[in-house]
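For reference, the structure is listed below as structure tokens.
The residues of the chain are indexed from 1 along the displayed sequence. Each ligand, and each atom within it, is numbered from 1 in the order the structure gives.
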Amino acid sequence: MIPKDHPRYQSLITRKKLAQYTLTGVVSLEGLTAHGRGEAFDYLIGERTTESAKLAERIAAAMLISARHPVISVNGNTAALAAQQIAALQEASGAIVEVNLFHRTEERVKKIEELLRDNGCDVFSGVAEQLLPLSHDRAWCRREGMFSADVVLVPLEDGDRCEALVRMGKKVIAIDLNPLSRTSRSATLTIIDELTRALPEITAACKELSKDECRQLTASVDNHYLLSEAIREINLRLCHAMD
Ligand code: ATP
Ligand code: MG
């Protein structure tokens, strides 16, 4: 039992949730360590949505609603932490939701798809093929899903698939708390924010942006600026840590 007045209540509840999802196989043990890296960077950024992340979230919304064939790629951690938020974003953006895993088994894919459906997602499933130019299991996707996408949202991505998707000519939106990761550096647009803070912001922006705002935002993507702003925020916090 985690007491509600514990100063790290939210973080402890999230850890517990992820640990429980390892028991059903939705989250991999490796996924737990990836979460730990995320938590460390969240500490450094102050566990809040920065102004530059908010801008990135609005640009992400504009990219998704202006896309021809937008896809949200979901892995185990994302499904465990944010299945309902993914459903809300799908509704607001019209994007396809497709499961894509590094530690892939058919059984795990089915479990994650079921969790997403139970939380209101319309999941694009069916026969997967090894279509992405990668030597590991994230190569598996669906021809009419991710393979045909023009814009892909990849929360908690690994760097090589992000690079592969960009090389295929797709616009890739990453959500990753680590501004130094290969994912962050190779994505078209990186949101340096925690997944469950970022998703509702993107959903809200999908509902409120006008066509003109969308045009302006999609024309203004500058990932280098967004990453350098995140690093500046971290630096500022480090410099003031001992004040
Ligand atoms: P790369 O291969 O891109 O250099 P990596 O090896 O760190 O990066 P993974 O091990 O796949 O990539 O880790 C996933 C990333 O997701 C980590 O960088 C971590 O910071 C980030 N992350 C984990 N949990 C969250 C979360 N809840 N919200 C946002 N980002 C997260
Ligand atoms: Mg990696």
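A salt bridge does not link Glu114 with Lys111: none of the charged nitrogens is closer than 4.0 Å to a carboxylate oxygen. We find that Arg237 and Asp243 are not joined by a salt bridge, their nearest charged nitrogen and carboxylate oxygen being 4.0 Å or further apart.
Between Arg161 and Leu134, the closest side-chain pair of non-hydrogen atoms falls below 4.5 Å.
Among the atoms of Ile175, none of the N or O lies under 3.5 angstrom from an N or O of ligand 1. Residue Leu195 places at least one N or O, backbone or side chain, under 3.5 Å from an N or O of ligand 1. Ligand 1 has no N or O atom lying under 3.5 Å from any N or O atom of Leu156, backbone or side chain.
Leu132 is not connected to Phe102 by any chain of hydrophobic side-chain contacts under 4.5 Å among Ile, Leu, Val, Met, Phe, Trp and Tyr, and they are in different clusters.
Considering Ser184, Ser181, Gly31, Ala80 only, the shortest heavy-atom separation from atom 8 (O) of ligand 1 involves Ser181. Which of Arg185, Glu39, Arg37, Arg182 comes nearest to atom 6 (O) of ligand 1 through a heavy atom is settled by distance: it is Arg37. Of the candidates Asp160, Leu32, Asn178, Thr183, the one placing a heavy atom closest to atom 3 (O) of ligand 1 is Thr183.
For the pair Thr190 (side chain) and Ala187 (backbone), a donor-acceptor distance under 3.5 Å is absent.
For Glu39, the CD atom counts as densely surrounded, since its 6.0 Å shell holds more than 12 non-hydrogen atoms of other residues, nucleotides or ligands.
At least one heavy atom of Asp193 sits under 4.0 Å from some atom of ligand 1.
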